[in-house]
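Here the structure is laid out as C-alpha cells; the discussion comes afterwards.
All values derive from a computational prediction rather than experimental measurement.
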Amino acid sequence: MPDETEDLVQETLLAIHLKRHTYDITVPLTPWIYAIARYKLIDLFRRRSGRDDLTDTLENDAEIFTESDNETIESRKDLTQLLNRLPERLRTPIILTKLQGLSVREAAQAANMSVSAIKIGVHRGLRALAEIVRDTDADR
C-alpha cells in the first residue's frame with residue numbers, strides 16, 4: 001500500500017484539523033490522535049475491500065488494531081485522575097471490584113468493609129464518575 005500511505009497521512013491530518021474543536025485540552029492528546037488515525041486506517045481498509053480479493057483477511061494485520069503502550073499508559077493516567085476525584089469510600093470499591101477483578105466478598109475482606117458497603121460504593125462511585133465525565137463534556 002505504499003501508494004496509499006501518503007493519502008492516508010493527508011486524510012488523517014485533515015481529519016485532525018477539521019475535528020480540532022472536539023479536542024478537550026484537559027485530556028491527553030495522543031489517544032485522541034491515535035483514535036482518529038485508527039478510524040482513517042479502517043476507512044482505507046473498507047475502501048480497498050471492494051477492490052481487493054475477498055479472501056484476504058486481516059489476521060496478519062491484527063497488531064494494527066491493538067492499543068499502543070503509550071495509549072494504554074495515557075488511558076491509565078486519565079482513569080487515575082478521575083478516580084482520585086472520588087472520596088476513598090467510593091474509589092476503593094471500584095478499584096477492587098472493577099479494576100482488580102475481586103468479587104464483592106473478596107473486596108469487602110480486603111477493604112475491611114461490609115459487602116453492602118462495597119456494593120453501594122461501586123454503585124455510587126460509578127454514578128459519580130459518570131457525572132464527572134458528563135460535566136467535563138458539558139464544559140467543552
Report yes if some heavy atom in the side chain of I132 is under 4.5 Å from a heavy atom in the side chain of L86; otherwise report no. yes
Polar side-chain atom of R85 near backbone of L82 as donor-acceptor pair, under 3.5 Å: no
What distance separates M113 CE from T92 OG1, expressed to the nearest 0.5 Å? 7.0 Å
Separation between CG (L13) and CG (L8), nearest 0.5 Å, reads 9.5 Å
Which distance, rounded to the nearest 0.5 Å, do you find between the CD1 of I118 and the NE2 of H123? 15.0 Å
Do L18 and I16 land in one hydrophobic cluster if side-chain heavy atoms of ILVMFWY residues count as linked below 4.5 Å? no
In this structure, would L126 and L79 fall into the same cluster of hydrophobic residues linked by side-chain contacts under 4.5 Å? yes
Got a second to check how far Q10's CD is from K40's NZ, nearest 0.5 Å? 12.5 Å
Only counting residues at least two apart or in another chain, list the ones meeting salt bridge (charged side-chain N to carboxylate O under 4.0 Å, His left out) with E131. none
Are there over 12 heavy-atom neighbours, none belonging to R91, within less than 6.0 Å of that residue's CZ? yes
Closest approach of R47 and E11, non-hydrogen atoms and distance? NH2-OE2, 3.3 Å
Hey, what do you get for CZ (R20) to NE2 (H17), rounding to the nearest 0.5 Å? 4.0 Å
Can you give me the closest heavy-atom contact between L44 and E4, atom names plus distance? CD1-OE1, 3.1 Å
Shared ILVMFWY cluster between V133 and V122, side chains joined below 4.5 angstrom? yes
Shared hydrophobic cluster, L83 / I120 (ILVMFWY, side-chain heavy atoms < 4.5 Å): no
Scan the side chains in residues 93-112 for donor-acceptor partners under 3.5 Å anywhere in the protein, sequence neighbours excluded, and list what turns up.
residue: T97; atom: OG1; partner: P93; partner atom: O; Å: 2.7
residue: S103; atom: OG; partner: E106; partner atom: N; Å: 3.1
residue: S103; atom: OG; partner: E106; partner atom: OE1; Å: 3.3
residue: E106; atom: OE1; partner: S103; partner atom: N; Å: 2.9

Hey, are the side chains of W32 and D24 touching, using non-hydrogen atoms and a 4.5 Å cut-off? no
Shortest non-hydrogen contact between L29 and Y23, atoms and distance: N-OH, 3.3 Å
